[in-house]
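Down below is the structure, laid out as structure tokens.
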Amino acid sequence: MEDKIRVLLSEEEVDARINEVAAQINADYAGKPIHLICILKGGVFFTCELAKRLSMPVSLDFMSVSSYGSGMESSGVVKIVKDLDEPLEGKNVLIVEDIIDSGRTLSYLIEILQKRNPNGIKLCTLLDKPERRVKKQVKVDYTCFTIPDKFVVGYGLDYDQKYRNLPYIGVVELEQ
């Protein structure tokens, strides 16, 4: 059984929008250092592309937080798989995520990270599915694309660890 993937956002559209969001972040931080927290695994593609476009001093750390199993639905249970290597105290933190839907993972993560005394925490995502939001208090500061409630892959997003390397965002259409 072969998965069909329909292009939702082309490589060119994604690239152009990352440029726009990076310009907004550059303006908002205006030379102040920024500490990016890349949420693994899916966020690594977007984080790298975003970081290359930022003009202020950038430091980077990685965290793996999961609420997904092997299927298409969130398990609802959030767990930290890999914690940060560096302290956050006094840093301007920007969490970089591939996709936000229910908000459970980010709500939990932000609560934990705020206790580490950063100067501030903002959230940047490649994709946002606000109609799936369960945790309404999750405020996304920078969004590249708001998308419909479809299961998407590419640009770091996967389906059972496949399709992360696609240079575009596609919708998985499973064969029946």
Side-chain angles (χ1 to χ4, degrees), residues 9 11 13-68 74 78-130 132-133 135 137-147 152-158 163-169:
L9 299 163
E11 182 176 5
E13 289 174 293
V14 173
D15 188 60
R17 184 65 184 133
I18 293 172
N19 282 333
E20 292 169 3
V21 168
Q24 185 181 356
I25 293 168
N26 286 331
D28 290 352
Y29 285 88
K32 296 179 200 161
I34 191 170
H35 186 70
L36 303 181
I37 297 178
C38 172
I39 305 302
L40 297 172
K41 296 177 186 171
V44 74
F45 289 77
F46 176 45
T47 302
C48 290
E49 289 302 317
L50 180 66
K52 290 190 294 188
R53 294 162 168 87
L54 297 177
S55 59
M56 75 287 291
V58 173
S59 56
L60 177 65
D61 206 343
F62 299 89
M63 191 169 206
S64 183
V65 183
S66 179
S67 67
Y68 279 89
S74 172
V78 178
K79 64 179 180 174
I80 294 178
V81 179
K82 184 220 175 292
D83 206 342
L84 299 172
D85 294 328
E86 298 178 30
L88 296 181
E89 190 163 345
K91 294 181 179 176
N92 299 310
V93 171
L94 182 63
I95 298 170
V96 184
E97 184 60 287
D98 56 356
I99 190 167
I100 301 172
D101 49 29
S102 73
R104 282 187 191 103
T105 302
L106 269 298
S107 175
Y108 175 76
L109 178 62
I110 289 168
E111 187 178 314
I112 287 172
L113 296 181
Q114 283 175 331
K115 294 175 183 171
R116 299 181 187 187
N117 301 315
N119 188 38
I121 296 177
K122 290 195 175 185
L123 179 57
C124 179
T125 188
L126 178 62
L127 304 173
D128 190 9
K129 288 187 193 176
R132 294 206 13 118
R133 195 82 78 246
K135 297 288 187 175
Q137 74 274 23
V138 173
K139 178 184 178 280
V140 184
D141 301 283
Y142 306 99
T143 301
C144 287
F145 299 97
T146 300
I147 62 168
V152 291
V153 294
Y155 223 90
L157 295 128
D158 74 298
Y163 310 118
R164 286 188 196 277
N165 61 317
L166 296 175
Y168 59 86
I169 306 297

Worksheet entry | Taking every non-hydrogen atom, the tightest pair across Pro167 and Tyr155 | O-CD1, 3.6 Å

Practice prompt. Please report the C-alpha distance between Ile112 and Val65 in whole Å, then the side-chain angles of each, then the deciding distance to 0.1 Å, and finally whether the side-chain contact (heavy atoms from CB on, under 4.5 Å) criterion is met.
Written response: CA-CA 12 Å; Ile112 287 172; Val65 183; over 6 Å; no

Worksheet item: Are Lys41 and Asp98 ion-paired here, with the side-chain N under 4.0 Å from a carboxylate O?
Response: no

Discussion item. Looking at every non-hydrogen atom in both residues, tell me the closest pair between Ser55 and Asn26 and how far apart they are.
Written reply: N-OD1, 2.8 Å

Worksheet item: Hey, are the side chains of Ile147 and Ile169 touching, using non-hydrogen atoms and a 4.5 Å cut-off?
Response: no

Worksheet entry | Min side-chain heavy-atom separation Leu9-Val152 under 4.5 Å | no

Fill in: Inter-residue atom distance Glu13.CD - Tyr168.OH, 0.5 Å rounding
13.0 Å

Worksheet item: Pick from Asp128, Thr125, Asp28: which one makes a side-chain hydrogen bond (donor to acceptor under 3.5 Å, both in side chains) with Tyr142?
Response: Asp28

Item to complete: Could you tell me whether the side chain of Leu84 reaches within less than 4.5 Å of the side chain of Arg116, counting heavy atoms only?
Response: yes

Worksheet item: With respect to Thr47, which candidate in Leu94, Leu60, Ile95 satisfies the side-chain contact (heavy atoms from CB on, under 4.5 Å) definition?
Response: Leu60

Worksheet item: Can you name the nearest heavy-atom pair linking Gly31 to Pro57, along with the distance?
Response: O-CD, 3.7 Å

Worksheet item: What distance separates Leu106 CG from Glu111 CD, expressed to the nearest 0.5 Å?
Response: 12.5 Å

Worksheet, complete the sentence: Residues Tyr108 and Ile80: closest non-hydrogen pair is CE2-CG1, 4.2 Å

Item to complete: Evaluate the side-chain contact (heavy atoms from CB on, under 4.5 Å) criterion for residues Leu88 and Ile121: first the C-alpha distance (whole Å), next the side-chain angles of each, then the deciding distance (0.1 Å), finally the verdict.
Response: CA-CA 10 Å; Leu88 296 181; Ile121 296 177; 5.6 Å; no

Discussion item. Once rounded to the nearest 0.5 Å, what's the spacing between atom CD of Gln114 and atom CG of Leu109?
Written reply: 10.0 Å

Worksheet item: Are any non-hydrogen side-chain atoms of Cys144 and Val14 less than 4.5 angstrom apart?
Response: no

Fill in: Interatomic distance, Cys124 atom SG to Ile37 atom CD1 [nearest 0.5 angstrom]
13.0 Å

Item to complete: Spell out, as yes or no, whether a donor-acceptor pair under 3.5 Å connects the side chain of Asp61 to the backbone of Asp85.
Response: yes

Worksheet item: Between Arg133 (side chain) and Gly103 (backbone), is there a donor-acceptor pair under 3.5 Å?
Response: no

Discussion item. Rounded to the nearest 0.5 Å, what separates atom CE in Met63 from atom NZ in Lys82?
Written reply: 8.0 Å

Worksheet item: Heavy atoms, side chains only, cut-off 4.5 Å: are Arg53 and Asn19 in contact?
Response: yes

Worksheet item: So, for Val93 and Tyr29, which heavy atoms are closest and what is the spacing to 0.1 Å?
Response: O-OH, 4.2 Å

Worksheet item: Once you round to the nearest 0.5 Å, how far does CZ of Phe45 lie from CG of Asn165?
Response: 6.5 Å

Item to complete: Could you pull out the closest heavy-atom pair between Pro118 and Leu113, with the gap in Å?
Response: CD-O, 3.4 Å

